[in-house]
Colleague: 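Would you mind keeping the following structure in view while I ask a few things?
All values below were derived from every heavy atom in this structure, side-chain atoms included, with hydrogens, water molecules and symmetry-related copies excluded. Residues take their numbers from the sequence shown, with the count starting at 1.
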Amino acid sequence: MEDRPPLGGHPDWMSRLPEELLDVPLWNLAIPGSHDSMSFCLDVSSPVLGSEPRLLRLTDRLFPCWTRPCVYRWATAQESVLRDQCDLGIRFFDLRIAKKPTGVQKLFFAHGIYTLMTVKEAVEELDVWLDAHPNEVVIVSCSHFESLTDEDHEHLVEFFLSLFNRKLFPPQDVPTLRSCWSRGGQVIVAYDNQQMVQQHPELWTGIPYWYADSPDPKKVIDYLEAKKRQERPARFYVCGLNLTEDARYVILHPHQNLKTMTMKALSPLLRWTREQRPGPEVGGVNIVCCDFVGVGQFCSIVIDLNYKLMGGASTLTAAMTSRTSTDFA
């Protein structure tokens, strides 16, 4: 992988946090995440997933030249590979894993349709990035598992354990930046399959994702506020800023796509995010996920929330320029 400077990113924001935040559990920090992290490389020639509604699957069989481009427009939620998302500051990855119905043994990602890039290719690229940024920690959330067999799960978990090896941070310990650095832990793998979690103590259980399932940003905010008033999850959890179209919205907006819908709603969603505060209290945010994470200063806004734990005296720019990643080399 060639070395390319990030454009307006935060590739080492964790290693540059102030000393006061190094012993805070990661589930009490604000962490930027990408929703449907691998949906930037969807394959428009692939069939619609078997888990999609029956009418959509039937339409796909009859009119694939219409159905698949439409699904592609509304399922593409990101625009860059994982290493570029890391450079922006993303530290939580929503990986929705699937097996194609063609008999191919390789595993892919999926969102409506399948991706071009395989799981192996994407995760190995992430591992290379981590080697170049040894004080950064990522959370890899694996879920959905379209058409995977028990054998597929075993092979996938073995791949993760072999690849990340000493970089894995186990769920038996409390992950702070200092505790991760002391043991070389850079990767938390959350696996949304309880059988695999019980068999492999290196895996974390699936992470709750608060998701409004609406195209209306006001409903998304109202949903998140209602969830925040409830008891806060004890460990990691996600507030999803992502919007979701329904059939009616797609029909009424034939010239739009997921990005145009997201851009129209981004201002109130980011304004809500700026008002949040991380921490263990009821209402404290942890991971915040968004579509199209490279726009709207999303990562900067989420990272900056961490300075509220210090009384809000520091700003992201001032604090991050006062420390360098070599401080902890």
Side-chain angles (χ1 to χ4, degrees), residues 10 13-35 89-94 136-139 141 169-181 185 188 190 192 204-214 217-242 267-290 293 296-320 323:
H10 305 287
W13 69 266
M14 286 181 157
S15 61
R16 297 180 181 182
L17 284 176
E19 187 79 19
E20 295 91 323
L21 301 180
L22 301 187
D23 295 307
V24 175
L26 294 185
W27 49 68
N28 290 336
L29 293 179
I31 298 173
S34 59
H35 169 247
I90 296 298
R91 295 295 180 268
F92 172 89
F93 296 100
D94 172 25
E136 299 300 300
V137 181
V138 299
I139 303 165
S141 176
F169 193 93
Q172 294 80 19
D173 299 326
V174 176
T176 67
L177 287 174
R178 200 186 304 275
S179 66
C180 288
W181 296 342
I188 289 170
D192 198 13
W204 293 64
T205 57
I207 295 174
Y209 194 116
W210 291 357
Y211 173 52
D213 196 21
S214 172
K218 184 180 185 304
K219 290 183 178 179
V220 171
I221 291 170
D222 289 345
Y223 170 84
L224 293 176
E225 283 296 321
K227 295 289 286 185
K228 282 174 56 188
R229 288 191 290 270
Q230 302 173 9
E231 183 177 358
R232 185 200 186 282
R235 289 188 167 191
F236 295 111
Y237 85 99
V238 179
C239 288
L241 301 183
N242 43 289
S267 180
L269 293 173
L270 294 184
R271 185 164 56 247
W272 177 87
T273 304
R274 284 191 183 94
E275 296 168 354
Q276 304 312 303
R277 180 185 176 89
E281 302 83 7
V282 172
V285 299
N286 176 213
I287 301 162
V288 182
C289 275
C290 191
V293 294
Q297 298 299 306
F298 165 71
C299 287
S300 298
I301 291 169
V302 177
I303 295 168
D304 203 24
L305 296 179
N306 291 302
Y307 297 92
K308 294 184 179 182
L309 295 174
M310 303 170 59
S314 300
T315 65
L316 175 64
T317 302
M320 292 187 72
R323 298 176 71 93

Colleague: For E19, is there an ion pair with R178 - N to carboxylate O distance below 4.0 angstrom?
Modeller: yes
Colleague: Any chance you could lay out the side-chain contact (heavy atoms from CB on, under 4.5 Å) test for L270 and Q297, step after step, and finish with the verdict?
Modeller: CA-CA 9 Å; L270 294 184; Q297 298 299 306; 5.8 Å; no
Colleague: Run through D192, D94, I188, I139 and flag the one making a side-chain contact (heavy atoms from CB on, under 4.5 Å) with I207.
Modeller: I139
Colleague: For F298 versus G33, what's the shortest heavy-atom pair and its separation?
Modeller: CE2-O, 3.6 Å
Colleague: Can you tell me how far OG of S300 sits from CZ of R274, rounded to the nearest 0.5 angstrom?
Modeller: 9.5 Å
Colleague: My understanding is that only residues two or more places apart in sequence, or in another chain, count here; which of them pass salt bridge (charged side-chain N to carboxylate O under 4.0 Å, His left out) with D213?
Modeller: none
Colleague: Just how far is it from atom CZ of F93 to atom CD1 of I287, taken to the nearest 0.5 Å?
Modeller: 11.5 Å
Colleague: Go through the structure and list residues passing salt bridge (charged side-chain N to carboxylate O under 4.0 Å, His left out) with K219, not counting sequence neighbours.
Modeller: none
Colleague: Any side-chain heavy atom of W27 sitting closer than 4.5 Å to one from P175?
Modeller: yes
Colleague: Do any pairs count as a salt bridge (charged side-chain N to carboxylate O under 4.0 Å, His left out) and have a residue in residues 227-240, sequence neighbours left out, and if so which ones?
Modeller: E225-K228
Colleague: Mind checking side chain to side chain donor-acceptor pair (under 3.5 Å) for Y211 and listing every partner two or more places apart, or none if nothing turns up?
Modeller: T244
Colleague: Could you list the residues that satisfy side chain to side chain donor-acceptor pair (under 3.5 Å) with S179, not counting sequence neighbours?
Modeller: T176
Colleague: Taking only residues two or more places apart in sequence, or in another chain, which ones meet S267 in a side-chain contact (heavy atoms from CB on, under 4.5 Å)?
Modeller: R271
Colleague: Please check: side-chain N/O of N306 versus main-chain N/O of I303, any donor-acceptor pairing under 3.5 Å?
Modeller: yes
Colleague: Minimum heavy-atom separation for S15 to W181, with atom names?
Modeller: CA-CZ2, 3.7 Å
Colleague: When rounded to the nearest 0.5 angstrom, what is the spacing between CE in M310 and CG in L21?
Modeller: 5.5 Å
Colleague: Who passes side-chain contact (heavy atoms from CB on, under 4.5 Å) against Q172, sequence neighbours left out?
Modeller: P170, P201
Colleague: Which value, rounded to the nearest 0.5 Å, describes the distance between L269 atom CG and K218 atom NZ?
Modeller: 12.5 Å
Colleague: Heavy-atom distance under 4.5 Å between the side chains of F236 and S141, does that happen here?
Modeller: no
Colleague: Rounded to the nearest 0.5 Å, what separates atom OG in S34 from atom CD1 in I90?
Modeller: 5.0 Å
Colleague: Looking at residues at least two apart in the chain, or sitting in another chain, which of them share a side chain to side chain donor-acceptor pair (under 3.5 Å) with N242?
Modeller: H35, Y209
Colleague: Examine distances only and state if a side-chain atom of R277 and a backbone atom of K308 form a donor-acceptor pair shorter than 3.5 Å.
Modeller: yes
Colleague: Who pairs with W210 by ring-ring contact (aromatic ring centres under 6.0 Å, His included), at least two apart in sequence or on another chain?
Modeller: Y237
Colleague: I need the single residue from V238, I31, L305 that forms a side-chain contact (heavy atoms from CB on, under 4.5 Å) with V285. Which is it?
Modeller: L305
Colleague: Using a 3.5 Å distance criterion without hydrogens, assess whether the side chain of W272 forms a donor-acceptor pair with backbone atoms of I221.
Modeller: no
Colleague: Over all heavy atoms of both residues, which pair between P268 and P217 is shortest? Give the atoms and the distance, please.
Modeller: CG-CB, 4.2 Å
Colleague: Please enumerate all residues that pass ring-ring contact (aromatic ring centres under 6.0 Å, His included) together with F169, with sequence neighbours excluded.
Modeller: none
Colleague: Kindly write out the residues that satisfy side-chain contact (heavy atoms from CB on, under 4.5 Å) with P280, not counting sequence neighbours, or none if the list is empty.
Modeller: N28
Colleague: Do N286 side-chain atoms and L29 backbone N/O form a donor-acceptor pair below 3.5 Å?
Modeller: yes
Colleague: Rounded to the nearest 0.5 Å, what separation is found between the CG atom of L309 and the CG atom of L17?
Modeller: 10.0 Å
